[in-house]
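Numbers for residues simply follow the sequence, beginning at 1.
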Amino acid sequence: MNEHPTLFTRLIQGEIPATIVHENEHCVAFLDIEPQAPTHVVICTREPIPKLSESSWGDGHERLLQTAVETAAKLGVTDFRVVINNGEGAGQSVPHLHAHLLAGRPLSWPPG
């Protein structure tokens, strides 16, 4: 684990302001500050896991997808994409496990 708190850890602890749209005991969902779609929510684990490949069953990461579904429902979104980047080469910019919920416009395939 990283000995310095990540941006997301500081956000969860209330040190950095964010627009939180949903939370539960395992995850926090907030609006992305650089949205890539009309609806762009970041969902991060409360546990500071650096990335998906460093997670273990039972540490809460498995709740990311359920939290994405709960968040979409709360926002009234029915068609959406969930993206998890694993490592810098895949586009992960914060070393804290998180997913992006994207919706509100046609999303092309393949992404990237």
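By the rule that hydrophobic residues join a cluster once side-chain heavy atoms approach within less than 4.5 Å of another member, L107 and V69 end up as members of separate clusters. Note: the hydrophobic cluster containing L102 does not contain L52 (ILVMFWY, side chain heavy atoms under 4.5 Å, direct or indirect links). Linking ILVMFWY side-chain heavy atoms closer than 4.5 Å, directly or via other members, places I43 and V94 in two distinct hydrophobic clusters. Residues V83 and F80 do not share a hydrophobic cluster, defined by chaining ILVMFWY side chains whose heavy atoms lie under 4.5 Å apart. Both V42 and L7 belong to a common hydrophobic cluster when Ile, Leu, Val, Met, Phe, Trp and Tyr are linked at side-chain heavy-atom distances under 4.5 angstrom.
Taking OG1 from T67 and NE2 from H26, the interatomic distance works out to 8.0 Å, rounded to the nearest 0.5 Å. Taken to the nearest 0.5 Å, the CD1 atom of I20 stands 6.0 Å off from the CG atom of L11. Atom-to-atom distance recorded for L64:CG and I49:CD1 is 8.0 Å, nearest 0.5 angstrom. Rounded to the nearest 0.5 Å, atoms CD1 (I12) and CD (E47) are 9.5 Å apart. Taken to the nearest 0.5 Å, the CG atom of L75 stands 12.0 Å off from the CD atom of E70. With rounding to the nearest 0.5 Å, the separation of CD1 in I16 from CD1 in I33 is 9.0 Å.
Side-chain atoms of F8 and P48, non-hydrogen and from C-beta on, never get closer than 4.5 Å to each other. Residues I84 and L97 form a side-chain contact, since some pair of their non-hydrogen atoms from C-beta on lies under 4.5 Å apart.
Between the side chain of H98 and the backbone N or O of H96, at least one donor-acceptor pair lies under 3.5 Å.
What you find for G104 and P38 is that their closest heavy atoms are O-CG, 3.3 Å. Considering every non-hydrogen atom in both V21 and K74, the closest pair reads O-NZ, 3.0 Å. Nearest heavy atom pair, residue P95 against residue T6, reads O-CG2, 3.5 Å. Between A68 and L101, the closest heavy-atom pair is O-CD2, 4.1 Å.
Legend: side chain to side chain donor-acceptor pair (under 3.5 Å) pairs involving residues 75-95, not counting sequence neighbours, sorted by first then second residue: S53-N86. Pairs engaging residues 30-42 under the side chain to side chain donor-acceptor pair (under 3.5 Å) rule: D32-H40, H40-H100 [sequence neighbours left out].
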Run R46 and E23 through salt bridge (charged side-chain N to carboxylate O under 4.0 Å, His left out) and show every step you take.
CA-CA 10 Å; R46 288 187 183 274; E23 60 185 310; 2.7 Å; yes
